[in-house]
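Below, all heavy atoms of this structure are taken into account, side chains as well, without hydrogens, waters or symmetry copies.
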Amino acid sequence: MKKLVLIVVLFYSTKQLFAQFGPAGVGSSVTNKLWLRGDAGTSSSVNLTKINKWRDQSNNGFNFNQTVVSPQPLFISSGLNGKPVIRFDGIDDKLILNDFISTNDQSIFLVSTNFAAAQNSSATILDIDQQTLPRANWSIEQNGAVNDFRFLYTDNAFNDNASNNFLLTGNNITSIIKEGIAVTVGKNGINTSNVTSNSVINKQNRPFALGGTVINDARNFGGDIAEVIIYSIAVNSAQKIIIENYLASKYAMVLGANDKYAFDAVHGNQVAGIGRENPTSLQLDSKGGFNLVRVNNPSNLDDGEYLMFGNDNASLSILEFAEVPPGINNRLKRVWRFDQNGDVGTVSISFYLSTFTINSETQLELLIDDDGNFVNASRISTNRSYDPATQVVTFNNVTVADGDYITVASNDENTVLPVELISLTGKSTGVSALLNWSTAKEVNNNYFALERSENGIDGFKEIGIFKGEKASYQIKNYSHEDKDAKEGTFYYRLIQVDGNGFKRISKVVAVLVDGKNPEILIIYPNPVTNSALKLVSIPFDDRETVVVELLDLNGKLVYTKTITGINADTEILNTTETSGLAKNLYYLKFTGKSTVYHTGFVVQ
């Protein structure tokens, strides 16, 4: 019987993927030159930790760095709408990109929160400006006073401080669209300025600074940056509206105009859409869900009409078996919801299933429901096409009503989930990197290969092989301490290989190892003589399970035990255990959920 085999979304098939669409499905890596997101590409994802790198998500490799520790900004795990942001202190925090190519026509979108109390008198948010001839391209700054916004193109500056419409305090979606000499500046969906800049943007490679100036003066920005998007074109007004709706939905911000998506509360993730303002200002093709769902080919899109869609961010590694209509065995847990402004006619809806193994297109169906309960959903299998080379299933001539829910389903009763990876995490022990991963289920899993890279992009080298399970239906935990990661930022990924030799690549995790000893773990008494050995300092959570290993002077394992609920005065070794040890130097290794500590003691 034919099977649909779902591979957990944390893994990515080694088969070639389609070209990436830009934010909100607008543009591609050709036109979307820079895309920085607080929820992706940072050197650390630990709250209140300094970051030394913020990697570009546009596939163009414009990565921002800061090698000096003091001016490194902080990663904040829960900022705008609970989403991660990068926090700049207004004193010296700054990230630098050495070479960035600007274009004369361009579009800039910035999501930021300004902290007025932290600002210098003139605070620079973005800057490409060497102050040398020929002058560099542009900067966004607060000019003199906290509430005076300034956007500068080469030697021509223009300001908008005549009203409160463009104060940059608080939370903002700032947009700047430059087409020829015309520049349109907006805040939270409202165009506040239409000005003229006679400057011709210099296309030379220039340094680019976030949070301060390139020339290292005192104009530093105090606040949070959540997202930065730069296009090498002037996006049209329909595209601008779609991008602003994506940002407003993600960060729970109110648009002053052109709010086209009403279902932000539950389905406000990865919003994208198609729409039209006039015959020359339109977006006819859009990918959402970070390139998982595509909507295009509207049959009747008129001026002022939009079809927007977002998802509930449900796990892609979980299949739903209960809430399905008769004849359907399972569906994706994730659901998309549509908001239709006007009547765009029929559309094509495609699902990019590179993380599935598809044996037959006939098992794939589109489910459409009007209340979110898919028990009574409509099943769509007509006008379906499937490309086995790219693993894209497309449903053509689909009618979607305002408020409808959709997902993709299988009518195959033998659907199997071979490897369900729950998590892959990495953490520094101070002098090494500790990697942990867990699976909820494994079927026909041959092995995992753990790989390390120094830049997270290429140069991955295998550092360990870990045997998989042929049939495991319970949580299985794996761990590896990379003792060769002495100091610096290291990047890790897993290669999962099944029994047929098919490989899947995990997401990349970064671990910053500072080369310093971690929080001190203290035991007493030391030396010990015929008494119990206890803890004084406890760097573990009081509910954490810790594996304790006793090693002799040569590193040979003498004794091991597991302690759950470790706390002050916990006996590591009791009197009987210590009195049985010969007089010598010994080592203790403590392995927690994400940390490893070593200490020594003497038996007298």
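Checking side-chain atoms of D224 against main-chain N and O of V85 turns up no donor-acceptor pair under 3.5 Å. A donor-acceptor pair under 3.5 Å is formed between the side chain of N236 and the backbone N or O of L282. With hydrogens and angles disregarded, a donor-acceptor distance shorter than 3.5 Å links the side chain of Y261 to the backbone of H267. Looking only at distances, no side-chain donor or acceptor of Q57 sits under 3.5 Å from a matching main-chain atom of L36. When atom types are taken as modelled, the side chain of W54 and the backbone of R37 share a donor-acceptor pair closer than 3.5 angstrom. Put simply, the side chain of N296 never gets that close to the backbone of D285: no donor and acceptor are under 3.5 Å apart. Side-chain atoms of E323 come within 3.5 Å of backbone N or O of F374 as a donor-acceptor pair. Side-chain atoms of N81 do not come within 3.5 Å of backbone N or O of K83 as any donor-acceptor pair. N60 contributes a side-chain N or O that, together with a main-chain N or O of N32, makes up a donor-acceptor pair within less than 3.5 Å. Of the possible donor and acceptor atoms, none in the side chain of S410 sits under 3.5 Å from a partner among the backbone N and O of N330.
Legend: residues meeting side-chain contact (heavy atoms from CB on, under 4.5 Å) with V393, ordered by chain and number and at least two apart, are F351, L353, L364, R384, Y386, F395. For the side-chain contact (heavy atoms from CB on, under 4.5 Å) test, residues two or more places apart in sequence or in another chain that qualify with T31 are S28, Y231, S232, I233. Here Y478 pairs with W437, F448 under the ring pair (Phe, Tyr, Trp, His ring centres under 6.0 Å) rule; sequence neighbours left out. Listed by chain and number, the residues in a side-chain contact (heavy atoms from CB on, under 4.5 Å) with N188 are N172, I173, M253 (sequence neighbours excluded). Listed by chain and residue number, nothing satisfies the ring pair (Phe, Tyr, Trp, His ring centres under 6.0 Å) test with Y306 (two or more places apart in sequence, or in another chain). With sequence neighbours excluded, no residue forms a ring pair (Phe, Tyr, Trp, His ring centres under 6.0 Å) with Y492.
Nearest approach of R276 to L301, heavy atoms of both residues: NH1-O, 3.5 Å. L424 approaches R493 most closely through the heavy-atom pair CD2-CA, 4.5 Å. The minimum heavy-atom distance between S385 and N396, with the atom names listed, is OG-ND2, 4.1 Å. Considering every non-hydrogen atom in both N329 and V324, the closest pair reads O-CG2, 4.4 Å. The nearest pair of heavy atoms linking A314 to R334 is O-NE, 2.9 Å. Across G25 and S286, no two heavy atoms sit closer than the pair CA-OG, 3.4 Å.
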Go through it in stages, so that I can follow the logic: the residues are E365 and I328, the test is side chain to side chain contact (heavy atoms under 4.5 Å, CB included), and I'd like the CA-CA distance, side-chain angles, deciding distance and then a yes or no. CA-CA 9 Å; E365 298 189 23; I328 292 295; 3.6 Å; yes

CA sep, side-chain torsions, deciding dist, call: S281, S237, side chain to side chain donor-acceptor pair (under 3.5 Å): CA-CA 6 Å; S281 178; S237 56; 2.5 Å; yes

Output, in order, the C-alpha distance, side-chain angles, deciding distance and verdict of side chain to side chain contact (heavy atoms under 4.5 Å, CB included) for N311 and Q270. CA-CA 7 Å; N311 70 74; Q270 300 149 12; 2.9 Å; yes

Could you go through the salt bridge (Lys or Arg N to Asp or Glu O under 4.0 Å) check for D482 and R452 one step at a time? CA-CA 9 Å; D482 183 10; R452 179 184 63 224; 2.6 Å; yes

Under the criterion side chain to side chain contact (heavy atoms under 4.5 Å, CB included), I'd like the reasoning laid out for F62 against W35: C-alpha separation, chi angles, the key distance, then a yes or no. CA-CA 9 Å; F62 289 124; W35 188 8; over 6 Å; no

Between I465 and L450, does a side chain to side chain contact (heavy atoms under 4.5 Å, CB included) hold up when you go through it step by step? CA-CA 6 Å; I465 295 289; L450 182 63; over 6 Å; no

Can you check side chain to side chain donor-acceptor pair (under 3.5 Å) on D264 and S249, steps first, answer last? CA-CA 5 Å; D264 316 70; S249 295; 2.5 Å; yes

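Side-chain contact of N297 with S348: a donor-acceptor pair under 3.5 Å is present, judged by distance alone. For the 3.5 Å distance criterion, the side chains of E227 and Y251 qualify, holding a donor opposite an acceptor. A donor-acceptor contact closer than 3.5 angstrom links the side chains of Y352 and R294. N436 and S479 form a side-chain donor-acceptor contact under 3.5 Å, judged by distance and modelled atom types alone. Side-chain atoms of T489 and N52 include a donor-acceptor pair closer than 3.5 Å. With 3.5 Å as the limit, one finds a donor-acceptor pair spanning the side chains of K53 and N65.
No more than 12 heavy atoms of other residues, nucleotides or ligands sit less than 6.0 Å from atom CD1 of I475.
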